[in-house]
Peer 1: 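Structure in structure tokens, see below.
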Amino acid sequence: MKKELPKAYEPSKYEDGIYKKWEESGFFNPDNLALDKKAKSYAVSMPPPNVTGTLHMGHAVMLAVEDILIRYHRMRGYRALWVPGVDHAAIATQTKVEKSLRGEGTDRHKLGRAEFLARVNKFAQESRDTIVNQVKKMGSSCDWSREAYTLDETRGRAVRTVFKMMYDDGLIYRGERVVNWCPRCRSTLADDEVEYKEQKAKLYTFKYSDNFPFTIATTRPETKLGDTAVAVNPKDKRYKKYIGKVYEVNFCGAPLKLKIIADRKVDMNFGTGALGVTPAHSATDWIMAEENGLNIVKVIDEHGNIREGFGEFSGQDARKAREMIVKKLKENGLLRKEDEIDNNLSVCYRCDTPIEPLPSLQWFINVNKKIKSRGNKSIKELSIDAVKKGVFGRDKIRIIPERFEKNYFHWMDNLRDWCVSRQIWFGHRIPVWYCGGRDKGRCLPACENPIVSAETPEECPHCGSKDLIQDESTLDTWFSSGLWTFSTLANSPDQIKIENDGSPGAGKKLVVDSEDFRTFHPTSVLETGYDILFFWVARMIIMTTYAVGDIPFQDVYLHGLVRDAKGKKMSKSLGNVIDPLDMIKKYGTDATRLSMVIGTTPGNDMNLSEEKVAGYRNFANKLWNISRYIITNSKLKTKSAKPRLKAQNLTDADKWILEKTGNLIDETTKDLNNYAFSQAGERLREFTWNDFADWYLEVSKFEKNKEKNAILVYVLESLLKLWHPFMPFVTEKIWEEMENDKMLIVEEWPRGDERLCACAAGDNFELIKSIITAIRNARAENKVEPTKKIKAVIYAGKREKLIESRAELIKNLRTRISDLEIKGGGPKIKDAIYVSAGEIDIYLIGAVDKEKEKERIKKEIENLEKVIKNAKIKLGNDEFVSKAPEKVVNMEKDKLKKAESELKKLKNN
RNA sequence: GGGCGCAUAGCUCAGUUGGCUAGAGCGUUUGGUUUACACCCAAAAGGUCCUAGGUUCGAGCCCUAGUGCGCCCACCA
């Protein structure tokens with residue numbers, strides 16, 4: 001049964017083949033797992049990568065963690081499902097295609113909607129293919145037969161169905177608001193799609209006209225053409241007398257009617273303490289206008305230009321108009337001051353264009369309206385309760401790490417109505433139609449009402465007109481991804497239905513009429529980066545609790561961001577991006593995955609360096625070589641999953657490694673249940689390299705007995721199983737080399753309680769280890785020639801028999817002892833190196849370097865004296881002795897006793 | 001302005017309900033070709049656990065204040 005394996009593990013040789021084998025096995029699909037009906041289900045929805053290009057390190061972490069969870073649960077006998085998919089990422093994708101169109105000298109308007117969309121879809125398709133390929137490279141064991149796309153037909157049906165439900169419940173409404181408008185994208189942006197940039201800005205202090213009594217300050221003089229009021233703080237003595245008065249002024253040629261109003265939000269210390277209110281171009285001013293019944297004058301249009309009716313300014317770009325107005329104010333002696341101030345400019349998160357707040361007719365989701373059929377709670381309240389105390393009879397959604405719950409609540413508390421319409425073409429078209437008949441004077445007023453429907457209506461329900469016009473806008477991309485956990489469990493559009501939910505309020509709920517939905521929803525865990533807690537996680541909770549009347553997932557696991565080795569954010573412009581595919585190519589997928597998972601904790605950012613990945617490549621190779629050694633040297637055919645071992649045949653080392661293996665299984669299982677991936681990985685590494693390879697394997701070279709073969713194979717197989725979720729490729733490859741029929745991916749997870757023998761290891765092998773280590777140490781410190789064989793005498797006291805039986809190990813494990821004498825005790829030996837291991841005295845004869853030896857002994861004495869001093873202080877403290885638990889006190893006493901006896905011996909020698 | 005986090009070896013980080021002579025990997029130093037592995041083996045050096053108080057028999061861990069760094073939210077007219 002001798003086999004030859006290559007000396008070094010080369011990931012690139014095997015990975016694709018292994019992935020193919022898994023795929024062909026069908027085990028990614030839980031339907032193909034040999035499970036009984038009672039098997040619990042475990043489901044994860046993959047956060048769909050955007051179809052804007054390629055995967056980055058963030059995706060690599062996500063895939064590594066989720067694959068660990070899925071493989072672990074699959075091995076535990078769960079019906080484990082991981083649903084993959086991609087996100088159409090409306091604005092991001094459209095922007096990307098528009099950019100390439102610009103390179104071709106054309107744009108979307110020239111192409112027209114249909115052709116443009118064809119281009120975007122083609123790009124999205126190509127992007128999807130790349131991504132799927134990369135996801136596979138990461139070893140992801142997701143079920144491709146269930147792959148979904150946020151913009152496919154089934155997901156589209158879910159989107160339109162939920163939109164209609166919300167519309168019918170009065171949650172979706174159309175209204176005019178000041179929205180964040182990107183003049184470049186020519187679309188609205190949600191509040192959280194706006195980014196802020198620190199910059200210097202000019203603050204102009206001026207008078208509207210000579211007949212206005214005081215000055216105001218602004219950074220945007222051009223918008224002052226639309227001022228309808230001036231706001232001051234009610235407490236501000238300077239302006240109290242003006243409150244309520246109305247001034248008619250001529251501002252650079254524009255006649256303005258300005259009412260002086262009081263508002264607490266006005267900061268008395270900023271500028272002049274007086275603020276020109278421009279309802280149409282500032283969200284806060286809009287609110288003031290609503291409260292004070294002010295007129296709204298729109299100044300800037302959707303291209304960022306000054307609208308008609310403002311004389312010479314009309315048609316000018318806002319920035320140009322600003323210059324013109326400043327110039328004019330100067331000429332008229334109205335400009336009093338120009339100050340440089342720090343300013344936060346709001347810009348579009350996609351294209352960096354400055355945002356233009358504009359009033360616009362948009363679709364909104366009301367987050368505060370109470371919903372009868374959901375316990376008379378608003379979607380905001382439902383979403384808070386889902387995390388705070390649990391809803392619909394479910395446990396509360398657990399966020400890991402817990403501290404992010406605070407962020408979640410804070411965000412939810414401050415949530416305002418969500419603007420869901422976007423003026424871009426790529427995305428789910430809003431399922432609203434208008435009757436064309438109304439414009440032709442037919443059938444008013446009924447036809448004023450928009451037609452909202454999950455399916456494209458054939459005719460106007462009011463007048464039968466077939467002349468229907470669909471709303472031009474599309475939906476915010478998060479609307480569709482908010483439905484992801486349940487929409488992906490529908491296999492076809494017709495499974496998505498609205499049913500009466502039987503509540504007293506006769507409410508409706510969305511039902512996915514599929515076996516998948518019944519089996520896998522709510523999903524078990526949602527794993528993603530903390531940066532999209534609000535963007536996405538919160539939205540899924542909102543949409544699912546409302547539409548389905550259930551939670552989308554039970555746990556939320558948030559990973560940190562991947563930064564470069566110096567802690568900088570990876571970005572193309574900084575050129576510090578590490579491409580996961582490069583790492584895979586160079587070091588293998590397993591190494592890449594390990595470096596994503598070990599040395600990091602949830603919610604904390606990680607710094608990634610290539611050296612780290614290389615380190616885990618080394619580890620994969622170590623595991624390979626451990627296996628290579630065992631495979632070549634053991635009789636594999638004698639193995640069985642649980643060999644029966646006779647306690648009387650086992651050596652101390654055998655018992656030691658078996659006990660450690662059992663503990664390792666228990667601890668790893670516990671860690672994985674607690675999402676403690678890093679801890680599990682470190683523990684496994686420590687065991688594999690230090691305990692198993694450096695000790696047990698070495699021992700097995702010198703200590704032969706009947707059971708060695710079975711134990712080596714058993715421990716290795718246990719390790720391969722425990723490591724499999726982390727490093728699926730090497731482990732599967734080795735498993736195959738071990739001539740297993742079944743693939744590792746569906747092997748049963750080991751159980752710590754099924755110990756191979758009920759024998760306790762005690763400290764026997766630890767003692768042997770410490771003797772060997774002590775000898776190695778003494779040799780090195782004394783600079784004994786490495787090849788020089790020396791004689792050793794051990795005074796073993798009560799352990800004479802034990803040590804005698806392990807003499808071979810002590811002589812051979814890198815100690816170079818030619819002659820070993822073991823006795824119960826004896827006189828101290830002169831001119832020898834003296835070391836002690838517990839109660840054992842060891843003399844190394846014929847190699848002593850007196851100076852070095854003195855130094856070493858001195859150092860050791862110092863250490864012991866430190867220990868003794870500390871222990872004495874503690875034990876001398878009555879309060880410690882009386883208040884500390886007995887166990888701790890005894891530990892301390894024990895420590896002191898041992899140290900004192902060692903010290904005595906050292907001083908005597 | 002509001003909130004969250006981080007600070008432990010040269011570097012990157014662990015440190016679970018307080019019980020430590022404070023750990024790991026990388027790097028460094030010394031030595032090594034040994035029944036798998038130089039992507040290796042053996043040994044070692046390296047720490048005021050940010051500062052100052054407090055609670056406690058006992059603090060890296062809990063509390064208060066401060067310093068430095070990072071992030072998120074709101075927003076500056």
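Quick note on labels: first sequence line is chain A, next is B, and so on, each numbered from 1.
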Peer 1: Output the rounded distance in Å from CG (A/L558) to C1' (B/rC72).
Peer 2: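 My rounded result for the distance is 13 Å.
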Peer 1: With a 4.0 Å limit, can you tell me whether A/R776 has a side-chain N or O closer than that to the phosphate oxygens OP1/OP2 of B/rA43?
Peer 2: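 Checking B/rA43 against A/R776, a side-chain N or O does come within under 4.0 Å of OP1 or OP2.
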Peer 1: Between A/N607 and B/rC13, does any side-chain N or O lie under 4.0 Å from OP1 or OP2?
Peer 2: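 It does, given that an N or O in the side chain of A/N607 lies less than 4.0 Å from OP1 or OP2 of B/rC13.
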Peer 1: Counting only side-chain nitrogens and oxygens, does A/W411 get under 4.0 Å of the OP1 or OP2 atom of B/rC4?
Peer 2: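 Checking B/rC4 against A/W411, no side-chain N or O comes under 4.0 Å of OP1 or OP2.
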Peer 1: The side chain of A/R416 is closest to which nucleotide in this list: B/rU34, B/rA14, B/rC75?
Peer 2: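 Side chain of A/R416 sits closest to B/rC75.
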Peer 1: Please tell me which of the listed nucleotides, B/rG19, B/rG32, B/rC40, lies nearest to the side chain of A/P786?
Peer 2: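 It is B/rG32.
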Peer 1: Take atom NZ of A/K852 and atom C1' of B/rG31, then tell me their distance rounded to the nearest Å.
Peer 2: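 Nearest whole value for this atom pair: 12 Å.
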Peer 1: Counting any heavy atom closer than 4.0 Å, what does A/K7 reach on the DNA or RNA strands: base, sugar-phosphate only, or nothing?
Peer 2: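 Sugar-phosphate, no base atom in range.
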Peer 1: Measure from NZ or CZ of A/R539 to the centre of the six-membered ring of A/W418 and say whether it is under 6.0 Å with the direction within 45° of the ring axis.
Peer 2: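 Yes; both conditions hold, so A/R539 lies above the ring face of A/W418.
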Peer 1: Whole-Å distance between B/rC73 C1' and A/F409 CZ?
Peer 2: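 It works out to 16 Å between those atoms.
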Peer 1: Does B/rC4 pair with anything, Watson-Crick or G-U wobble, both distances under 3.5 Å, and if so, with which nucleotide?
Peer 2: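 Because both required distances fall under 3.5 Å, B/rC4 counts as paired with B/rG70.
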Peer 1: Is A/R776 close enough and on-axis enough to A/W695, meaning under 6.0 Å and within 45°, for cation-pi?
Peer 2: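 Judged by the rule, A/R776 and A/W695 form a cation-pi pair.
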Peer 1: Could you identify the nucleotide paired to B/rG27, looking across every strand shown and requiring Watson-Crick or G-U wobble geometry with both distances under 3.5 Å?
Peer 2: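 When the pairing criteria are applied, nothing turns out to pair with B/rG27, so the answer is none.
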Peer 1: On the nucleotide B/rG19, are OP1 or OP2 found under 4.0 Å from the side-chain N or O atoms that A/K883 carries?
Peer 2: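 So the side-chain polar atoms of A/K883 never come under 4.0 Å of the phosphate oxygens OP1 or OP2 of B/rG19.
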Peer 1: Only pairs with both distances under 3.5 Å count, Watson-Crick or wobble alike; so what is the partner of B/rG60 in this structure?
Peer 2: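 Answer to the pairing question: none, since B/rG60 forms no Watson-Crick or G-U pair.
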Peer 1: Categorize A/A201 for me: base, sugar-phosphate, or nothing, with a 4.0 angstrom heavy-atom threshold over every strand shown.
Peer 2: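 If one applies the 4.0 Å heavy-atom cut-off, A/A201 turns out to touch nothing in the nucleic acid.
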Peer 1: Say we look at B/rU55 and B/rU64: how far apart would their P atoms be, to the nearest angstrom?
Peer 2: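 Result for the P pair: 15 Å, nearest Å.
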Peer 1: At less than 4.0 Å, is any side-chain N or O atom of A/T601 found next to OP1 or OP2 of B/rA14? Yes or no.
Peer 2: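 The answer is yes; a side-chain N or O of A/T601 sits under 4.0 Å from OP1 or OP2.
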Peer 1: Select base, sugar-phosphate, or nothing to describe what A/V266 touches, counting heavy atoms under 4.0 Å on all strands.
Peer 2: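 Base contact.
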Peer 1: Expressed in angstrom and rounded to an integer, what is the separation of A/E682 atom CD from B/rG25 atom P?
Peer 2: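 The answer, rounded to whole Å, is 9 Å.
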Peer 1: Can you find a side chain N or O atom of A/R628 that sits less than 4.0 Å from OP1 or OP2 on B/rC37?
Peer 2: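 It does, given that an N or O in the side chain of A/R628 lies less than 4.0 Å from OP1 or OP2 of B/rC37.
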Peer 1: Output the rounded distance in Å from CG (A/L561) to C1' (B/rG5).
Peer 2: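 About 13 Å, once rounded to whole Å.
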Peer 1: Starting from the 5' end of RNA chain B, give me the residue, A/R563 or A/K866, whose nearest nucleotide shows up first.
Peer 2: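 Its nearest nucleotide being more 5', the pick is A/K866.
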Peer 1: What does B/rA14 pair with, Watson-Crick or G-U, if both distances are under 3.5 Å?
Peer 2: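 No nucleotide pairs with B/rA14.
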Peer 1: Using atom P in both nucleotides, what's the gap between B/rG60 and B/rU16 to the nearest angstrom?
Peer 2: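 Looking at atom P only, B/rG60 and B/rU16 are 13 Å apart.
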Peer 1: Ignoring hydrogens and angles, tell me if any N or O in the side chain of A/D417 forms a donor-acceptor pair with the backbone of A/V367 under 3.5 Å.
Peer 2: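 Answer holds: yes.
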Peer 1: Indicate, with a heavy-atom threshold strictly under 4.0 Å, whether A/E892 touches base, sugar-phosphate, or nothing.
Peer 2: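 No contact at all - A/E892 keeps every heavy atom at 4.0 Å or more from the nucleic acid.
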Peer 1: Between A/R617 and A/F702, which residue's closest nucleotide on RNA chain B lies nearer the 5′ terminus?
Peer 2: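 Between the two, 5'-proximity favours A/F702.
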Peer 1: I'd like to know if the side chain of A/N674 and the backbone of A/A676 have a donor-acceptor N/O pair within less than 3.5 Å.
Peer 2: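 Not at all, since once roles are kept as given, no pair shorter than 3.5 Å links the two residues.
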Peer 1: May I ask you to say what A/T773 touches in the nucleic acid, namely base, sugar-phosphate or nothing, with a heavy-atom cut-off under 4.0 Å?
Peer 2: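 Sugar-phosphate, backbone atoms only, no base.
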Peer 1: Is it the case that the side chain of A/K259 and the backbone of A/L294 share a donor-acceptor pair, with hydrogens and angles ignored and the cut-off at 3.5 Å?
Peer 2: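 A pair under 3.5 Å: no.
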Peer 1: CD of A/E855 versus C1' of B/rU30: gap in Å, rounded?
Peer 2: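 About 14 Å, once rounded to whole Å.
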Peer 1: Contact class for A/K895 vs. all strands (heavy atom < 4.0 Å): base, sugar-phosphate, or nothing?
Peer 2: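 Sugar-phosphate: the residue A/K895, judged by heavy atoms under 4.0 Å, touches backbone atoms but no base.
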Peer 1: What contact category does A/T219 fall into here, base, sugar-phosphate, or nothing, at under 4.0 angstrom with non-hydrogen atoms?
Peer 2: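 Sugar-phosphate contact only.
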Peer 1: Classify the nucleic acid contact of A/R403 as base, sugar-phosphate or nothing, counting any heavy atom under 4.0 Å across all strands shown.
Peer 2: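 Sugar-phosphate: the residue A/R403, judged by heavy atoms under 4.0 Å, touches backbone atoms but no base.
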Peer 1: Quick check with a 6.0 Å cut-off and a 45 degree axis cone: is A/K622 positioned over the face of A/Y9's six-membered ring?
Peer 2: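 No cation-pi geometry.
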Peer 1: Give a yes/no on whether any side-chain N or O of A/K869 is located under 4.0 angstrom from OP1 or OP2 of B/rU21.
Peer 2: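 The answer is no; no side-chain N or O of A/K869 sits under 4.0 Å from OP1 or OP2.
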Peer 1: For B/rC39 and A/N625 - does any side-chain N or O of the residue sit under 4.0 Å from the phosphate oxygens OP1/OP2?
Peer 2: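 No, A/N625 has no side-chain N/O under 4.0 Å of OP1/OP2 on B/rC39.
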Peer 1: Tell me what A/G271 touches on the nucleic acid: a base, only sugar-phosphate, or nothing, going by heavy atoms under 4.0 Å.
Peer 2: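 The answer is nothing, as A/G271 stays clear of every strand by at least 4.0 Å.
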Peer 1: When you measure from the side-chain N and O atoms of A/K622 to the phosphate of B/rC41, is any distance below 4.0 Å, counting only OP1 and OP2?
Peer 2: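 Checking B/rC41 against A/K622, a side-chain N or O does come within under 4.0 Å of OP1 or OP2.
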